[in-house]
Chemist: 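One structure is given below, represented as structure tokens, and several questions about it will come after.
Only heavy atoms go into these numbers, but all of them, side chains included; no hydrogens, no water, no symmetry mates. Letters A, B, ... mirror the listed sequences (proteins, then strands); counts begin at 1.
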2 protein chains.
Amino acid sequence: MGRWLPNREGLKMDFLLQELRRAGYRITDARRAIVQALVNASRPLNPQELYEAARVQHPRVGLVTVYRTLEALLELGMVQKVHGEQGCVGYVYTGRGHRHVAWCRACGRAFIFEGQEDLSSLEQSLERTLHFRVEGHLLQLTGLCAECQART
Amino acid sequence: MGRWLPNREGLKMDFLLQELRRAGYRITDARRAIVQALVNASRPLNPQELYEAARVQHPRVGLVTVYRTLEALLELGMVQKVHGEQGCVGYVYTGRGHRHVAWCRACGRAFIFEGQEDLSSLEQSLERTLHFRVEGHLLQLTGLCAECQART
DNA sequence: ATATTTGCAAAACATTTGCACGGAA
DNA sequence: TTCCGTGCAAATGTTTTGCAAATAT
């Protein structure tokens, strides 16, 4: 792949920076480094890990700025917290829209996919039986990705 | 309701204590108080809140014991962590089996229901397209319960 | 020019651990 | 009697806050 062509991660990074700018945030070296580390990550990163990854690019960045940037990206719906069986395993870039996450417990990678109308029948059933009006949901899957199944 | 008849919460409490005993845990005053506070709660409680509630029954209980008891109950699948839009809102008794949670953002109550095979089509689709083998999932809903809708 | 953002240090908060005593089985 | 469980205190780990200096717009 020629290095003068933007790769997939470069596109994601530009998109994220655009979204931040559109929302009124300023684009700084710290945010660039954090966003870059995030989209380049092969798996969800927690704040500490993201901090360490961002420091490669921008050594003066502080952990606090990582927290603040994650907060902004969550607010904008660009990033999701990923839950493994034992709790939060980190944050992952999901992009805009209704995305779900499948997390491989073996390699730790997260697979992002569009949330189809999978849950509408469940939601209708809740509405009918409990009269509960569903506004949002958290759906995350854990298991084994194709490669990690093959590796067994 | 006659106080000599076990009420719904009393039955839940007995069940939880039995399950703890079956798993090899000893039944102590601290565990009794914590379990009682948990099943009597009208909404998910965090460790601090559960600690305060348990102290009504057993003032000598320590916060650490609450953490350790919650850990045991989670391990046994008797209790689930409840996630609101902004993060964890506490732990709720769910009983054995595959249960899902709908959390009302207005009154804070959690509604527990059986997990039907809602997700099997989604899981099959993941299997076909990504060859991802789903082993477990986290599904929680947020919205408004019937009473809180009426109250508007 | 000016309002946001940053990084530091410290505070606040949450959770876990070591250990001697107490209590369930 | 035996070993598990307890509560305390302290350690550890995580996230937030106040603030003066740096910087994007």
Chemist: Return whichever of B:Y25 or B:V64 has its heavy-atom-nearest nucleotide of DNA chain C closer to the 5' end.
Modeler: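 By nearest-heavy-atom nucleotide position, the 5'-most residue is B:V64.
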Chemist: Within a radius of less than 6.0 Å around CD of B:E147, do more than 12 heavy atoms belonging to other residues, nucleotides or ligands occur?
Modeler: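 No, CD of B:E147 has 12 or fewer neighbouring heavy atoms, counting only those of other groups under 6.0 Å.
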Chemist: Considering the options A:D29, A:T65, A:L16, which one meets the side-chain contact (heavy atoms from CB on, under 4.5 Å) requirement together with A:I34?
Modeler: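 The residue from A:D29, A:T65, A:L16 that satisfies side-chain contact (heavy atoms from CB on, under 4.5 Å) with A:I34 turns out to be A:T65.
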Chemist: Measure from CD1 on A:I27 to P on C:dT5 and round the result to the nearest Å.
Modeler: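 Atom CD1 in A:I27 sits about 9 Å away from atom P in C:dT5.
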Chemist: Between A:F15 and A:I112, is there shared hydrophobic-cluster membership here, with clusters defined by ILVMFWY side-chain heavy atoms closer than 4.5 Å?
Modeler: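 A:F15 and A:I112: separate clusters.
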Chemist: Looking just at side-chain N and O atoms, do A:Y25 and A:R21 make a donor-acceptor pair shorter than 3.5 Å?
Modeler: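 Not at all, the side chains of A:Y25 and A:R21 share no donor-acceptor pair under 3.5 Å.
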Chemist: So does B:R105 pair up with B:E85, basic N to acidic O under 4.0 Å?
Modeler: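 Salt bridge between B:R105 and B:E85, a charged N being under 4.0 Å from a carboxylate O: no.
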Chemist: Evaluate the criterion salt bridge (Lys or Arg N to Asp or Glu O under 4.0 Å) for residue pair A:R128 and A:E123; output intermediate values, then yes/no.
Modeler: CA-CA 9 Å; A:R128 271 197 312 276; A:E123 294 184 3; over 6 Å; no
Chemist: Quick check: B:H100 with A:H137 (ring centres under 6.0 Å apart)?
Modeler: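 For A:H137 and B:H100, the ring centres are not under 6.0 Å apart.
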Chemist: On DNA chain D, reading 5' to 3', which nucleotide is the first and which the last to sit with an atom under 4.0 Å from a heavy atom of chain B, could you check?
Modeler: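 Range of nucleotides touched by chain B: D:dC3 to D:dA9.
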Chemist: Is atom CZ of A:R133 surrounded by more than 12 heavy atoms (other residues, nucleotides or ligands) closer than 6.0 Å?
Modeler: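 Counting neighbours around CZ of A:R133, 12 or fewer heavy atoms of other residues, nucleotides or ligands fall under 6.0 Å, so no.
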Chemist: Would you say the side chain of A:F132 lies within less than 4.5 Å of the side chain of A:V134, judging by non-hydrogen atoms?
Modeler: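 In short, these two side chains touch, coming nearer than 4.5 Å.
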Chemist: In residues 67-82 of chain A, what residues come within less than 4.0 Å of DNA chain C, judged by heavy atoms?
Modeler: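 Residues of residues 67-82 of chain A that come under 4.0 Å of DNA chain C are, in numerical order, A:R68.
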Chemist: Under 4.0 Å from any atom of DNA chain C, heavy atoms only: list the residues of residues 34-62 of chain A that qualify, in numerical order.
Modeler: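 Those residues are A:H58, A:R60, A:V61, A:G62.
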Chemist: Within the structure provided, determine whether B:F113 and B:L141 are in side-chain contact (heavy-atom separation under 4.5 Å).
Modeler: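 In short, these two side chains touch, coming nearer than 4.5 Å.
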Chemist: How many whole angstroms separate atom CD of A:Q86 from atom P of C:dT16?
Modeler: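 Whole-Å distance recorded here is 12 Å.
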Chemist: Considering heavy-atom distances to DNA chain C, does B:R21 or B:L63 have its closest nucleotide positioned more toward the 5' end?
Modeler: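 Its nucleotide being nearer the 5' end, the pick is B:L63.
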Chemist: Is any side-chain N of the basic residue among B:E19 and B:R22 closer than 4.0 Å to the acidic one's carboxylate O?
Modeler: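 A salt bridge is present here (some side-chain N lies under 4.0 Å from a carboxylate O).
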Chemist: Can you tell which of C:dA25, C:dA3, C:dT6 lies closest to the side chain of A:R26?
Modeler: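 Of all the options, the side chain of A:R26 is nearest to C:dA3.
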Chemist: Does a nitrogen or oxygen in the side chain of A:T28 sit under 4.0 Å from OP1 or OP2 of C:dT5?
Modeler: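 Checking A:T28 against C:dT5: no side-chain N or O falls below 4.0 Å of OP1 or OP2.
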